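Below: one structure, written as structure tokens.
Naming convention: chains lettered A, B, ... in sequence-line order (proteins, then strands); numbering from 1 in each chain. All heavy atoms count here, side chains included; hydrogens, waters and symmetry mates do not. Since this is a predicted model, take the numbers as computed values, not measurements.
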Amino acid sequence: EPEVTQTPSHQVTQMGQEVILRCVPISNHLYFYWYRQILGQKVEFLVSFYNNEISEKSEIFDDQFSVERPDGSNFTLKIRSTKLEDSAMYFCASSERSGTEIKREKLFFGSGTQLSVL
Amino acid sequence: QKEVEQNSGPLSVPEGAIASLNCTYSDRGSQSFFWYRQYSGKSPELIMSIYSNGDKEDGRFTAQLNKASQYVSLLIRDSQPSDSATYLCAVLNTGGFKTIFGAGTRLFVKA
């Protein structure tokens, strides 16, 4: 069964450093997302991406964050100048939704990258 | 007002019982509603989607939607210990590019 793949599974970094989290969405999916979940808290939307541009972003997704689809398979989240409060599980997700089938949005999640900022 | 609200629980039911999980949402324009299951330390997994008022059944799961009341629910029949997890209600916003999750309800099914 196709799945969303995320690497690395764990990332430890020093405060102020830059990290890149990587994702390979399901191959025929067209919409890509990043979510994060701070330990014990809810799954929070960060950004959605379609047709090589951001479709929507949350208040959390400020200038510290950026996303990129550098090739036909990878989807990355870059976090610049990391802060302690960026420590969380970061989930990539993708959906197959095509054309105007907005209603049929079903998210398939990767297993996540646990980011720890020290 | 929180966008998607759920009782955090925990909800504890005996094996074989019906578990009832509830959710309310604030965006009246939302058209798509989902239930995800999240085991501890794992990623969310879609278990049900519902788009029209009424009930939708899939195996032991029934989702119910009432758009007028902005209310979504999930019933799990014949609950099993393996159903013990956090259940996340999720709503696709009017714009169609942002799925918003509730904080989740923790369910414990006692053997």
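- Within 6.0 Å of the CZ atom in Arg69(A), the count of heavy atoms belonging to other residues, nucleotides or ligands exceeds 12.
- Asp63(A) CG: 12 or fewer foreign heavy atoms inside a 6.0 Å radius.
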Requested in this report: Kindly indicate, with the supporting measurements, whether the criterion side chain to side chain contact (heavy atoms under 4.5 Å, CB included) is fulfilled by Gln38(B) and Val43(A).
Outcome: CA-CA 10 Å; Gln38(B) 186 177 30; Val43(A) 176; 4.3 Å; yes
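- Going from atom CG of Leu46(B) over to atom OG of Ser95(A) covers 11.5 Å, rounded to the nearest 0.5 Å.
- Heavy-atom minimum distance, Tyr36(B) versus Lys106(A): OH-C, 4.1 Å.
- Atom CG of Asn7(B) has 12 or fewer heavy atoms from other residues, nucleotides or ligands within 6.0 Å.
- In the hydrophobic clustering of this structure, Phe34(B) groups with Tyr31(A); members are Ile, Leu, Val, Met, Phe, Trp, Tyr whose side-chain heavy atoms approach within less than 4.5 Å, directly or through other members.
- Contact of Gln37(A) with chain B is made through the side chain alone, with heavy-atom distances under 4.5 Å.
- Interface residue Tyr33(A): only side-chain heavy atoms are found under 4.5 Å from chain B.
- Both the backbone and the side chain of Phe109(A) come within contact range of chain B, with heavy atoms under 4.5 Å apart.
- More than 12 heavy atoms of other residues, nucleotides or ligands shown are found within 6.0 angstrom of CG on Leu84(A).
- Proximity to chain A (any heavy atom under 4.5 Å) is shown, for Phe33(B), by neither the backbone nor the side chain.
- Residue Ser49(B) touches chain A through its side chain alone, counting heavy-atom pairs closer than 4.5 Å.
- With a 4.5 angstrom heavy-atom cutoff, Leu107(A) touches chain B via backbone and side-chain atoms both.
- Taken from CD in Glu3(B) to NZ in Lys42(A), the straight-line distance is 6.5 Å, to the nearest 0.5 Å.
- For the atom pair Phe45(A) CZ and Asn93(B) CG, the distance stands at 7.5 Å (nearest 0.5 Å).
- In this structure, CD in Glu56(A) is found 9.5 Å from OG1 in Thr99(B), a value given to the nearest 0.5 Å.
- Interface remark: Tyr35(A) contributes side-chain atoms only to the contact with chain B (heavy atom separation under 4.5 Å).
- Proximity to chain A involves both the backbone and the side chain of Lys98(B), based on heavy atoms less than 4.5 angstrom apart.
- The two residues Gly110(A) and Ser43(B) make their nearest non-hydrogen contact at O-CB, 3.0 Å.
- Distance CZ/Phe97(B) to OG/Ser48(A): 6.5 Å, rounded to 0.5 Å.
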